[in-house]
Protein chains: 2
Amino acid sequence: MTTTSPQGRTELLRPDGSPVRVLVVDDEPSITELLSMALRYEGWQIRSAGDGTGAVQTAREFRPDAVVLDMMLPDMDGLTVLGRLRRELPDVPVLFLTAKDAVEDRIAGLTAGGDDYVTKPFSLEEVVARLRGLIRRSGAADRRSDSVLVVGDLTLDEDSHEVSRAGEGIHLTATEFELLRFLMRNPRRVLSKAQILDRVWSYDFGGQANVVELYISYLRRKIDAGREPMIHTRRGAGYLIKPAAS
Amino acid sequence: MTTTSPQGRTELLRPDGSPVRVLVVDDEPSITELLSMALRYEGWQIRSAGDGTGAVQTAREFRPDAVVLDMMLPDMDGLTVLGRLRRELPDVPVLFLTAKDAVEDRIAGLTAGGDDYVTKPFSLEEVVARLRGLIRRSGAADRRSDSVLVVGDLTLDEDSHEVSRAGEGIHLTATEFELLRFLMRNPRRVLSKAQILDRVWSYDFGGQANVVELYISYLRRKIDAGREPMIHTRRGAGYLIKPAAS
DNA sequence: CTACAACCTGTGATTTTCCTGAGAAACGCA
DNA sequence: TGCGTTTCTCAGGAAAATCACAGGTTGTAG
C-alpha cells in the first residue's frame, strides 16, 4: 500500500497500513546512525545492531520487512549471519553493504535470491532506492506500489532507469538520475544544496558544494530545454521541482 | 496456469492457483541455501533436507511438485533415495545434481523417465530453467504455459534452444543462450553485472567480472548486428533488453 | 543605483566505465 | 588423439561521466 503524506511524499506501507520495519546491522555506529536517520525519514521503523549476534536476536523479536547488513562484522562472517537470519525470517530481503574492492573477488550469490547490495561509500538515495525496490518486490508492501515516479508530464522509472518528459525519452547519467529521483520524490518542496549533497552524493564526498549547481544545470538542459521549466531555484534556500502547469 | 508478477516476470502456478512446491535435497548447507533463495525468488514454496532420510520424510508431508536431488548424500545412495521418493510420490519429476565426472550412464538411464539433471557446479538460471521445464511437462502447472520467450521480434525457445530475430535463425553458444534467456526473462529491466554473474555463471565462478561485458559484446554481434539494437547499456547500472521499437 | 552574494555554465583535466581484439586454455566430439 | 569450438584472461583504446575552476549573470539588500 502507498499513501501520500501531507508534504506530497509517497511512502511505502505494509498491507495492514502499519509502517515498514527495517533492521540495520553495522559495527560502525556512525553508519548505523546515518542510515537510521535517513530511513526513519522515509517513515519507516528502524532498529539497529552492531554485530551478528545482536542482529539475529533483534530480528527474532522485531521481525523486520528488510535488513541492511554489513558484510564485515566483528563477531561472525557475513554469510553466517545471513544463514541465521534466514532461519528466523526465510523471506526477508537483505541489502548488503560491502567494501568496493571486496565485491570484486570473493562474494558470489549476493543477488541470487533477489537480494541486493551497495558498496561503501554509498549515497543515502541509493540505499533508500534499493531498499524500496527490495521491499516492493518481496511483497511486504502492497503490490499496487509501482516503480514509476510522476511529476506533471515528467516520469522516471526506477526499474528500467528510463526518464521521459511529455512522452519523449531522455538519457540521464547515473548522478543526474539520482538527483532527479530525489527531486521527484519531494515534489513542490524546497531542497537545500546541503540536503541534496547529503542524500545524493556518497557520505564521504569531499568536493566542492557547487557540484549541485552544476548537476542542476545539466538536468535543466535535458529536462527543461525549450519547455516550460519544472526545476526552480529558490535563491538562498535551494531547489524544487513541480509540474509546469502551476 | 501462469500469472504475471508486479515485476513483469511470468511465474508458474499450480492449476488451483497455489504456488508450486519444490523440495531441495543436498548435504551442503551452502548449496541448499543458495538454491532455496533462488527458487523462492521464483515465487515457489521451498523445503530442504540434508540427507536421504530427511528427504523422504519431508516429501511425505510436504508433497512437492518437483524435487532437486543431489546424487551424493551421506546416508544413502542416490538411487535408493530416488526409489523411496518414488514410493511416496510416483509421478513427481526429479532434477538430479551430480558431479561433473560422475558416471553419466546411470543418470542417462534415469532421465529417460522424464527426469533431468545438471552437473555441479551449476548456474542458477540453468537449474531454474530445467525445473520449470520439468514442472511444466509433468502437468503440475498449467500446460498452457509455454516455453517461448518473446521480446519484440526476438524469440527464444527454452525447449529447443532455438533463437531467432525477425524470423532469421541465430546460433548461440550455451553461455550466450543463458545470458540472453536471463535478459529476456527480465525485459526492460536493468540488470547489473553482479546480478548477471550470480544467475548465469556457476556459483563457483571466480573470474573477472568483465566476462559479462564480453558476452554482451558477443550477443550484440549476433542479435543486434546491422539492426536496431535491443541490448542497451546503462552505464554504471547494468544492461537491459527491450523491443527495438521503443 | 550599486555592490555583493548567490547562482549559472563553458572549458577541460581526470577518472571511471565499457568495448573488443588477440590469444591461451579447456572442452567436446569424432 | 586431434581438431574445431567455446570459454575466459588480458590489455589497449574509446567513450562517457564526474568534477574543479573561473568568469559571467542574476537577484536583492541597502
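Below, chains carry the letters A, B, ... as their sequence lines are ordered, and counting in each starts from 1.
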J.: Treating B:Asp115 as the side-chain partner and B:Val94 as the backbone partner, does any N or O pair qualify as donor plus acceptor under 3.5 Å?
T.: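 Confirmed, B:Asp115 side chain pairs with B:Val94 backbone.
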J.: Please figure out whether B:Glu213 or B:Glu176 has its closest DNA chain D nucleotide nearer the 5' end.
T.: B:Glu176
J.: Distance check needed: C:dC7 C1' versus A:Leu240 CG, whole Å only.
T.: 16 Å
J.: Mind checking the CD1-CD spacing from A:Ile196 to A:Glu213? Nearest 0.5 Å is all I need.
T.: 10.5 Å
J.: For A:His232 together with A:Tyr239, are the ring centres under 6.0 Å from each other?
T.: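 No - the distance between ring centres of A:Tyr239 and A:His232 does not fall below the 6.0 Å cut-off.
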J.: Would you indicate, yes or no, if D:dA17 has its OP1 or OP2 atom less than 4.0 angstrom from a side-chain nitrogen or oxygen of B:Arg234?
T.: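 B:Arg234 to D:dA17 OP1/OP2: no side-chain N or O under 4.0 Å.
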J.: I need the CD1-C1' distance between B:Ile216 and C:dC18, as an integer number of Å.
T.: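 These atoms are roughly 11 Å apart.
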J.: Whole-Å distance between C:dT20 P and B:Asp224 CG?
T.: 11 Å
J.: Mind calculating the distance between NZ (B:Lys222) and C1' (D:dT7) to the nearest angstrom?
T.: 12 Å
J.: Side chains of B:Thr155 and B:Ser164: any donor to acceptor distance under 3.5 Å?
T.: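 There is such a pair between these side chains.
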J.: For C:dC7, take OP1 and OP2 only and decide whether either is under 4.0 Å from a side-chain N or O of A:Ser217.
T.: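 Answer no for this pair, as no side-chain N or O of A:Ser217 is under 4.0 Å from OP1 or OP2.
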J.: Atom CD1 of B:Ile196 to atom P of D:dC8: distance rounded to whole Å?
T.: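 Result: 14 Å.
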J.: From NE2 of A:His161 over to C1' of D:dA16, roughly how many Å is that when rounded to an integer?
T.: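 Nearest whole value for this atom pair: 17 Å.
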J.: Go through D:dA17, D:dT7, C:dC7 for me and flag the one nearest to the B:Thr173 side chain.
T.: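 Comparing D:dA17, D:dT7, C:dC7 against the side chain of B:Thr173, the answer is D:dT7.
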J.: Within the 3.5 Å criterion, strictly below it, is a donor on B:Arg220 or B:Thr233 matched to an acceptor on the partner's side chain?
T.: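 On atom types as modelled, these side chains qualify, holding a pair under 3.5 Å.
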J.: By nearest nucleotide on DNA chain D, pick out whichever of B:Arg235 and B:His171 is the more 5' one.
T.: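 The residue mapped nearer the 5' terminus is B:His171.
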J.: Touch check for B:Phe177, heavy atoms < 4.0 angstrom, all strands: base, sugar-phosphate only, or nothing?
T.: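 Since no nucleic acid heavy atom lies under 4.0 Å of B:Phe177, the category is nothing.
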J.: Check the orientation of A:Trp201 and A:Tyr215. Use parallel for under 30°, tilted for 30 to 60°, and perpendicular for over 60°.
T.: perpendicular
J.: Give me, pair by pair, the N or O atoms of the protein and of nucleotides 19-21 of chain D that are less than 3.5 Å apart, along with how far apart they are.
T.:
from: D:dC19; atom 1: OP2; to: A:Trp201; atom 2: NE1; distance (Å): 2.9
from: D:dC19; atom 1: N4; to: A:Tyr218; atom 2: OH; distance (Å): 2.6
from: D:dA20; atom 1: OP1; to: A:Gln208; atom 2: N; distance (Å): 3.3
from: D:dA20; atom 1: OP2; to: A:Gln208; atom 2: N; distance (Å): 3.2

J.: Parallel under 30°, tilted from 30 to 60°, perpendicular over 60°: which one fits the rings of B:Phe177 and B:His161?
T.: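 Ring orientation, 0 to 90° scale: parallel.
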J.: Between atom CD in B:Glu178 and atom C1' in D:dC8, what is the gap in whole Å?
T.: 16 Å
J.: May I have the distance from A:Arg220 (atom CZ) to D:dT26 (atom P), rounded to whole angstrom?
T.: 13 Å
J.: Using OP1 and OP2 only, check whether a side-chain N or O of A:Lys193 sits under 4.0 Å from C:dA6.
T.: no
